[in-house]
There are 2 protein chains.
Amino acid sequence: MESVQVWDVFDVNCPSRAVMEHISSKWGVLVQILLLRSGTLRFSELRRAIGGVSEKMLSQTLQTLERDGLVNRLVHPVIPPHVDYSLTDLGVRAATTVNTLFELIGNNWAEFEAAQIAYDRRKATA
Amino acid sequence: MESVQVWDVFDVNCPSRAVMEHISSKWGVLVQILLLRSGTLRFSELRRAIGGVSEKMLSQTLQTLERDGLVNRLVHPVIPPHVDYSLTDLGVRAATTVNTLFELIGNNWAEFEAAQIAYDRRKATA
DNA sequence: CGGTATCCTCTAAGATACTG
DNA sequence: CAGTATCTTAGAGGATACCG
């Protein structure tokens with residue numbers, strides 16, 4: 001039996017808004033599509049792959065996604081430490097949708113750019 | 001002929017990251033799915049419908065989405081002012097994907113909640 | 001290696017007041 | 001009605017140093 005949407009997202013107190021913010025966060029979206037493509041990655045691999053991310057933000061993002069049940073964190077008890085990150089089933093589904101959004105942007109980039117240029121010109125002449 | 005993805009989203013300078021941030025922004029996602037459901041709405045209708053949004057943030061969000069070519073802004077030259085907002089074709093496609101994400105959250109809410117509780121318990125005992 | 005802890009900066013975002 | 005202008009603040013986010 002599947003659970004169903006109980007709250008209205010337009011309500012200020014809708015708790016699903018918070019999860020949405022985690023999934024769609026700046027670094028969260030990049031972590032998700034990277035793990036979707038790569039399967040499993042270590043902390044340092046994620047850090048190197050995602051340009052511009054700080055250790056702090058990566059750590060924080062991973063914790064949030066793990067708490068929401070989107071990311072698996074597997075610690076190998078060895079020295080030096082070895083930690084593997086991967087997507088849960090739920091994470092794969094979220095990441096796939098996020099990836100669709102990125103493809104939409106990439107596949108229509110000319111349209112986005114044209115819209116921005118047109119908008120800026122309208123503002124400049126006005 | 002469709003344009004294709006030119007940049008790597010993992011590159012710090014990838015311009016599509018900015019558009020992604022607009023689409024997935026806190027208020028942006030709510031504006032999109034509300035317009036997707038309602039078709040056309042006025043500024044004050046959007047403001048009333050989206051719980052918690054300030055005029056400033058709504059205005060800013062609408063401008064960003066309009067600049068990216070996702071939202072149409074139609075001004076009726078009357079007094080008092082009348083401005084209609086709606087989604088462009090591109091906006092409908094983005095909003096539909098965003099809506100999929102919200103449905104994913106709503107349809108699996110029990111799983112999200114359980115994951116959060118389990119995570120918090122793990123942290124507490126540790 | 002995989003993080004935390006601390007400090008600091010800057011801007012996202014809310015509140016309020018005002019305007020065409 | 002549909003915003004803008006101004007002010008203020010909470011917290012997002014970065015830099016650096018340190019630890020198990």
Side-chain angles (χ1 to χ4, degrees), chain A residues 12-13 17-31 34-35 38 40-68 71-86 119 122-124 126, chain B residues 12-13 17-31 34-35 38 40-68 71-86 119 122-124 126:
Chain A
V12 203
N13 298 317
R17 275 197 191 181
V19 172
M20 179 53 130
E21 282 169 39
H22 303 160
I23 293 178
S24 67
S25 70
K26 173 173 177 173
W27 301 116
V29 294
L30 295 175
V31 165
L34 181 54
L35 288 178
S38 305
T40 298
L41 289 174
R42 302 176 62 168
F43 186 86
S44 52
E45 291 173 327
L46 284 158
R47 186 186 185 345
R48 270 192 299 275
I50 301 174
V53 73
S54 65
E55 290 185 353
K56 178 185 167 186
M57 289 315 299
L58 180 56
S59 173
Q60 198 173 108
T61 301
L62 286 168
Q63 283 178 34
T64 304
L65 295 179
E66 187 197 356
R67 189 174 110 96
D68 287 342
V71 160
N72 287 130
R73 181 173 182 271
L74 180 59
V75 181
H76 300 279
V78 297
I79 295 178
H82 184 143
V83 181
D84 282 328
Y85 290 95
S86 59
Y119 180 93
R122 280 202 303 280
K123 290 287 168 179
Chain B
V12 203
N13 299 315
R17 276 197 191 181
V19 172
M20 180 51 130
E21 283 168 38
H22 302 160
I23 292 177
S24 67
S25 70
K26 174 173 178 175
W27 301 116
V29 294
L30 295 175
V31 165
L34 180 55
L35 288 178
S38 305
T40 298
L41 289 174
R42 301 176 64 168
F43 186 87
S44 52
E45 292 174 326
L46 284 158
R47 189 192 186 336
R48 271 192 301 274
I50 302 174
V53 73
S54 65
E55 290 185 352
K56 179 186 164 186
M57 289 315 299
L58 179 57
S59 173
Q60 200 174 104
T61 301
L62 286 168
Q63 282 177 34
T64 305
L65 295 179
E66 186 196 358
R67 189 175 110 95
D68 287 342
V71 161
N72 287 129
R73 181 174 183 271
L74 180 59
V75 182
H76 300 279
V78 295
I79 295 178
H82 184 142
V83 181
D84 283 327
Y85 290 95
S86 60
Y119 180 93
R122 280 202 302 280
K123 290 287 168 179

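The chains referred to below are lettered A, B, ... by the order of the sequence lines, with proteins before strands, and numbering in each begins at 1.
- With D:dA15, C:dG14, C:dT4 as the choices, the nucleotide that has an atom nearest any side-chain atom of A:Lys56 turns out to be D:dA15.
- For A:Pro81, the side-chain atoms get nearest to C:dC1 when compared with the rest of C:dC1, D:dA17, D:dC1.
- Closest approach of A:Asp84 and A:His76 over heavy atoms only: OD2-NE2, 2.8 Å.
- Here B:Pro80 lies in heavy-atom contact (under 4.0 Å) with sugar-phosphate atoms only.
- Among the atoms of the strands shown, only primed sugar atoms or phosphate atoms (P, OP1, OP2) are found under 4.0 Å from some heavy atom of A:Gln63.
- Atoms CG (A:Asp84) and P (C:dG3) sit 10 Å apart, rounded to a whole Å.
- Set against C:dG14, C:dT6, D:dG3, the side chain of B:Val83 has D:dG3 as its closest nucleotide.
- In this entry the distance linking OH of A:Tyr85 with P of C:dC1 reads 15 Å, nearest Å.
- Enclosure of atom CG in B:Leu74 by more than 12 non-hydrogen atoms of other residues, nucleotides or ligands within 6.0 angstrom is indicated.
- The side chain to side chain donor-acceptor pair (under 3.5 Å) test with B:His22 is passed by exactly one of B:Asp68, B:Thr61, B:Thr64: B:Asp68.
- Listed for the A:Ser59 side chain is no donor-acceptor partner under 3.5 Å among the backbone atoms of A:Glu55.
- Of the candidates C:dG3, D:dA2, C:dT6, the closest approach to any side-chain atom of B:Phe43 belongs to D:dA2.
- In this structure, CD of B:Glu55 is placed 10 Å from P of D:dT4, rounded to the nearest angstrom.
- Rounded to a whole Å, the NZ atom of B:Lys26 is 12 Å from the C1' atom of D:dA10.
- Using a 4.0 Å heavy-atom cutoff across all strands shown, B:Arg42 reaches sugar-phosphate atoms only and no base atom.
- A donor and an acceptor atom, one from each side chain of B:Tyr85 and B:Arg42, are nowhere located under 3.5 Å apart.
- Taking atom CD on A:Gln60 and atom C1' on C:dT4, their separation rounds to 12 Å, with Å as the unit.
- Rounded to whole angstrom, the span from the NZ atom of A:Lys123 across to the P atom of D:dT4 amounts to 7 Å.
- Atom P of nucleotide C:dG2 and atom CG of A:Leu62 are separated by 11 Å, given to the nearest angstrom.
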